[in-house]
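Working notes, structure below.
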Protein chains: 2
Amino acid sequence: MSLRNAVMATLLDGESSGYDLAKAFDASVANFWMCTPQQLYRELDRMEADGLVAARVVEQERRPNKRLFSLTGKGVEELSRFTAAQHKPAAIRDELLVAVMAADSGDLEAVKASITRRRRWAEAKVERYERLRAKLLGGRTEEEFLATAERVGPYLTLLRGLSFERDNVRWCARSLTVLERRGARLDAAT
Amino acid sequence: MSLRNAVMATLLDGESSGYDLAKAFDASVANFWMCTPQQLYRELDRMEADGLVAARVVEQERRPNKRLFSLTGKGVEELSRFTAAQHKPAAIRDELLVAVMAADSGDLEAVKASITRRRRWAEAKVERYERLRAKLLGGRTEEEFLATAERVGPYLTLLRGLSFERDNVRWCARSLTVLERRGARLDAAT
DNA sequence: TCAACCTAGTCAACAAGTTGAGTATGCGAG
DNA sequence: CTCGCATACTCAACTTGTTGACTAGGTTGA
């Protein structure tokens, strides 16, 4: 029920097509609300039917037409009601951690390779987020930004993503060290 | 498809009932694989049908009977195959972050209250994880533990949970400060 | 010039996750 | 003596999320 709210929170930045929303999600919202483009298109249709967003078709040359969605008054109200509600605890699903939990009786080398991939991925995320942060700050210091910006919400969620990925990088490094030593021990035992 | 694998990774610790698995998940696996007890019971039935786990009924006095599940050889193989596979990127869904993103046009006070609740919850998690860690170490130093333990996987996933929740506490504190200041600014503007 | 990728979607089928209720007993605190 | 919590589940209905295939023109690089 709350992909809707994530979409509406993104539309606070102004009207957007389903395609652009998908990219925006991928770039920054994915950190706390993952979804596929298909989910977005389906949900946008439902939201339009429920009067939370309004769509207008923009005809384009040399490109397929697109539908731009914007928040309606009802949408803003709904979103506001959501912010006042009780929220479910966060749900995380991470296959890599499942594999690490089973690493001792599984394919140790493959798990180490997976952690290395994850680490590189997290490092790339950190860089992206830092670029996004610099863009949001727009040359101002954080203090200046917080004192003058209209919205601080997206900045705070970005900070959460940033420290989450930094933490990921640290954990990957630590785990690799531990598993490396374990591998050496097991080799010595044979 | 990989709740199965999370269940099997847990069963590496020995046979367990659906009810106990639910508690184990709630206590430590929930950190990277949330699920409801109903999901577990359903999945265990399917896993039994697929020959990944074996069940035996234990009749109890003064208590309902229970079915204890244990990994079969096929289950161990499947799990090992999983550790060698490519893993999907982690999926996170956190309503609180959605609310924070929309806080600027929503109910600021309610969002602050939600962050405070989350912070207390995260602090409680940190304590639980620290107790679990002490229990795993069993008086040994981390170094001793890593050198002698049969399994290091569950320890590594526990470390991930621990630093995730510590990070949560920090982020909650920081966000509250920022939103507090913003509230003061908006009050001054009226 | 051919392949690959970008824009901007749609449709259908299936898998997974959530919610609420129901069953039955035992134990301890107030 | 009753209320609530713990044990140990089951069933059914519903909502979400995932996967793969399809359309169709435009741009970029080898």
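Each chain gets a letter, A, B and so on, in the order the sequences are listed, and its residues count up from 1. Note that the structure is a prediction, hence the values are computed from the model and not measured.
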Residues that [X] engages under salt bridge (charged side-chain N to carboxylate O under 4.0 Å, His left out), provided they are two or more places apart:
{"X": "A/Asp167", "answer": "A/Arg170, B/Arg160"}
{"X": "B/Lys66", "answer": "none"}
{"X": "A/Asp50", "answer": "A/Arg4"}

- Query: Quick one: side chain to side chain donor-acceptor pair (under 3.5 Å) partners of B/Arg118, sequence neighbours excluded?
  - Reply: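 Scan of B/Arg118 (side chain to side chain donor-acceptor pair (under 3.5 Å), adjacent residues dropped) gives B/Asp94.
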
- Output all residues satisfying side chain to side chain donor-acceptor pair (under 3.5 Å) with B/Arg117, sequence neighbours left out; order by chain, then residue number. A/Gln86, B/Ser114

- Note on the structure: side chain to side chain contact (heavy atoms under 4.5 Å, CB included) filter on A/Glu165, not counting sequence neighbours, yields A/Asn31, A/Trp121, A/Ala122, A/Lys125, A/Val126, A/Tyr129, A/Asn168

- Just checking A/Arg4: base, sugar-phosphate only, or nothing, at a heavy-atom cut-off of under 4.0 Å? nothing

- ring-ring contact (aromatic ring centres under 6.0 Å, His included) against B/Phe164, all qualifying residues, sequence neighbours excluded: A/Phe164

- Task: Measure the distance from CZ on B/Arg46 to C1' on D/dT10 and round it to the nearest whole Å.
- Result: 15 Å

- Close residues, residues 9-31 of chain A, relative to DNA chain C [heavy-atom separation under 4.0 Å]: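 Close to the strand are A/Ser17, A/Gly18, A/Tyr19, A/Lys23.
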
- Task: With axes from five pairs an end, tell me the bend angle of the helix from C/dT1-D/dA30 to C/dG30-D/dC1, nearest 10°.
- Result: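 If I round to tens, the end axes sit 50° apart.
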
- First and last nucleotide of DNA chain C in contact with chain B, 5' to 3', at under 4.0 Å to a heavy atom: what are they? C/dA16 to C/dC27

- Item | Members sharing A/Val58's hydrophobic cluster (side chains within less than 4.5 Å) | A/Leu68

- Summarise protein proximity over nucleotides 19-26 of chain D in one line of letters, 5' to 3': B for base, S for sugar-phosphate only, - for none, counting protein heavy atoms closer than 4.0 Å. BBB----S

